[in-house]
Amino acid sequence: MDELKEQRILEFVLQNAVRGDPQSVVDNIDQYCRHKEWAMNVGDEKERQTMCRVVEERAPSIALELGTYCGYSAVRIAKLLKPGARLLTIEMNPDNAAVAKQIIEFAGVQNTVQVLEGSSADIIPNLKEKYQVDTLDFVFLDHWKDRYIVDTKLLEECCLLRTGSVLLADNVVYPGIPDFLEYVRFCGRYDCTNYPSHVQYMNKEDALEKAVFKGYI
Ligand code: SAM
Ligand code: MG
């Protein structure tokens with residue numbers, strides 16, 4: 001069987017990055033995906049301009065990511081977390097989850113990041129019982145776009161959000177997630193801010209949306 005692109009990304013990291021250096025790992029993934037093969041990582045521009053600022057402002061103790069892919073954004077988020085904080089990241093594709101676990105381990109952030117293999121629909125309702133989550137401080141939504149609104153409502157139903165919980169959603173302009181944007185902007189439960197940016201490794205407009213939960217009003 002042909003080798004998958006994600007496997008080639010992993011091999012590039014193993015051959016070129018410095019073990020235990022998360023910055024070197026993400027820099028090498030950016031280099032590979034900018035010059036060799038495009039991939040759906042969040043990318044350095046969005047991290048530098050927005051994610052970094054939003055995570056540092058919120059200083060989460062417990063964070064959730066929906067859509068791990070190769071572990072690129074998980075490594076970037078882990079780098080921003082304070083000591084003792086943890087990131088749970090959900091990935092339903094077993095090949096991607098296997099690559100992500102190796103990249104996370106190579107970057108040396110395996111004690112901060114736990115990859116949960118399965119679909120968000122199955123795992124979110126078990127976060128409290130199985131993964132000792134009370135409420136989430138920060139959630140990065142970057143999985144399939146039809147799931148953003150469904151999983152936001154699921155997080156609410158499962159009482160995983162509290163006043164001040166921050167949702168950060170990628171790709172709200174490209175490919176665009178109008179149902180999610182309409183929900184968070186107009187349901188009355190969130191304060192929203194839009195952060196214009198570009199699709200990773202391309203000169204194409206995109207944006208992230210920050211939605212800060214105001215409570216169950
Ligand atoms: N956040 C990653 C990064 O920036 O490095 C990129 C994530 S990629 C855009 C989307 C990933 O979400 C894919 O690996 C896909 O398999 C996964 N995914 C999509 N829908 C999912 C779901 N409902 N539950 C879990 N994983 C999902
Ligand atoms: Mg994305």
Side-chain angles (χ1 to χ4, degrees), residues 4-7 9-10 12-13 22-23 25-34 37-52 54-55 63-80 87-104 106-107 109 113-127 131 138-155 158 167-177 180-181 195-202 204-210:
L4 297 170
K5 172 169 64 178
E6 293 71 30
Q7 199 63 40
I9 293 173
L10 170 64
F12 189 82
V13 167
Q23 187 64 51
V25 168
V26 291
D27 285 346
N28 273 279
I29 297 176
D30 284 331
Q31 195 189 326
Y32 186 87
C33 296
R34 186 168 287 114
E37 292 185 275
W38 186 92
M40 56 185 166
N41 321 301
V42 68
D44 52 340
E45 179 185 324
K46 284 173 178 166
E47 196 269 348
R48 209 176 46 248
Q49 291 178 349
T50 305
M51 185 187 267
C52 176
V54 171
V55 174
L64 175 71
E65 173 177 64
L66 303 177
T68 317
Y69 190 44
C70 296
Y72 171 94
S73 51
V75 171
R76 283 207 175 270
I77 293 168
K79 261 173 8 81
L80 299 169
L87 169 67
L88 303 171
T89 177
I90 301 179
E91 175 55 55
M92 69 181 182
N93 177 318
D95 293 327
N96 294 350
V99 166
K101 283 178 190 168
Q102 290 175 80
I103 286 186
I104 287 163
F106 188 85
V109 294
V113 183
Q114 188 177 0
V115 179
L116 311 182
E117 225 178 297
S119 77
S120 51
D122 290 338
I123 292 176
I124 288 172
N126 289 315
L127 284 175
Y131 300 101
F138 174 79
V139 182
F140 181 49
L141 295 93
D142 193 21
H143 54 337
W144 295 160
K145 307 314 164 195
D146 59 341
R147 294 297 310 180
Y148 281 36
I149 187 167
V150 182
D151 287 340
T152 297
K153 290 178 179 174
L154 188 57
L155 290 168
C158 294
L167 308 185
L168 185 66
D170 192 21
N171 306 116
V172 300
V173 168
Y174 185 82
I177 311 156
F180 168 81
L181 282 187
Y195 297 91
S197 188
H198 297 92
V199 176
Q200 57 276 21
Y201 321 123
M202 289 169 78
K204 192 177 185 65
E205 286 187 8
D206 194 6
L208 294 129
E209 185 85 358
K210 180 176 82 168

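Order of appearance sets the numbers: ligands from 1, and atoms from 1 within every ligand.
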Check: I29 and I103 side chains under 4.5 Å, non-hydrogen atoms: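 I103 vs I29: side chains touch.
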Q. Is there side-chain contact between L64 and T89, with heavy atoms separated by less than 4.5 Å?
A.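 No; the side chains remain at least 4.5 Å from each other.
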With atoms numbered from 1 as shown, which atoms in ligand 1 lie under 4.0 angstrom from a non-hydrogen atom of [X]?
X	value
M40	6 (C), 8 (S), 9 (C), 13 (C)
Y69	2 (C), 6 (C), 7 (C), 8 (S), 14 (O)
Y72	5 (O)
N93	16 (O)

| query | Does S73 reach ligand 1 with a nitrogen or oxygen that is under 3.5 Å from one of the ligand's nitrogen or oxygen atoms? | reply |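 Right, the criterion is met.
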Sub-3.5 Å N/O-N/O distance, C70 and ligand 1: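 N/O-N/O distance under 3.5 Å: no.
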Between [options], flag the one that comes closest to [atom] by a heavy atom.
atom	options	answer
atom 6 (C) of ligand 1	L116, D142, D151	D142
atom 12 (O) of ligand 1	S120, G67, S119	G67
atom 15 (C) of ligand 1	E91, H143, M51	E91

Distance to 0.1 Å, residue and atom name: give those for the protein heavy atom nearest to atom 4 (O) of ligand 1.
->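 Scanning the protein heavy atoms, the shortest distance from atom 4 (O) of ligand 1 goes to V42 N, 2.7 Å.
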ask   = Which heavy atom of the protein is the closest neighbour of atom 26 (N) of ligand 1, given with residue, atom name and distance?
value =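 The closest one turns out to be M92 N, 3.2 Å.
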For this session: With heavy atoms under 4.0 Å as the rule, classify the contact between T68 and ligand 1 as side chain, backbone, both or neither.
Result: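 It is the backbone that gets close, since no side chain atom is under 4.0 Å.
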| field | Metal site the Mg ion (ligand 2): N/O/S of N171 inside 2.8 Å | value |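 Checking the Mg ion (ligand 2) against N171, an N, O or S atom does fall under 2.8 Å.
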- Query: Quick check: are there more than 12 heavy atoms from other residues, nucleotides or ligands sitting under 6.0 Å from CD of E37?
  - Reply: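 More than 12 heavy atoms, drawn from other residues, nucleotides or ligands, come within 6.0 Å of this atom.
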Would you confirm whether the ring centroid of H198 sits within less than 6.0 angstrom of the ring centroid of Y174?
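That pair fails the under 6.0 Å test.
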* Once rounded to 10 degrees, what value does the angle at the Mg ion (ligand 2) take between OD2 (D170) and OD1 (D142)? ->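 It rounds to 100°.
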With a 4.0 Å cut-off on heavy atoms, is G118 in contact with ligand 1?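 For ligand 1, residue contact (heavy atoms, under 4.0 Å) with G118 is present.
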Say whether E65 and ligand 1 are in contact under the criterion: heavy-atom distance to a ligand atom below 4.0 Å.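 Yes; E65 lies near enough to ligand 1 that a heavy-atom distance drops under 4.0 Å.
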*Parallel, tilted or perpendicular for Y32 and F12, by the 30°/60° rule?*
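Ring orientation of Y32 relative to F12: tilted.
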Any salt bridge between [X] and [Y], counting N to O under 4.0 Å?
X	Y	value
D206	K46	yes
K5	D95	no
R147	D151	yes

- Query: Would you say the side-chain atoms of Y69 and E6 include a donor-acceptor pair closer than 3.5 Å?
  - Reply: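 Yes, because at least one side-chain N or O of Y69 sits under 3.5 Å from a partner of the opposite role on E6.
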Under 3.5 Å, is there a donor-acceptor pair linking the side chains of N41 and Y201?
->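 A donor-acceptor contact under 3.5 Å links the two side chains.
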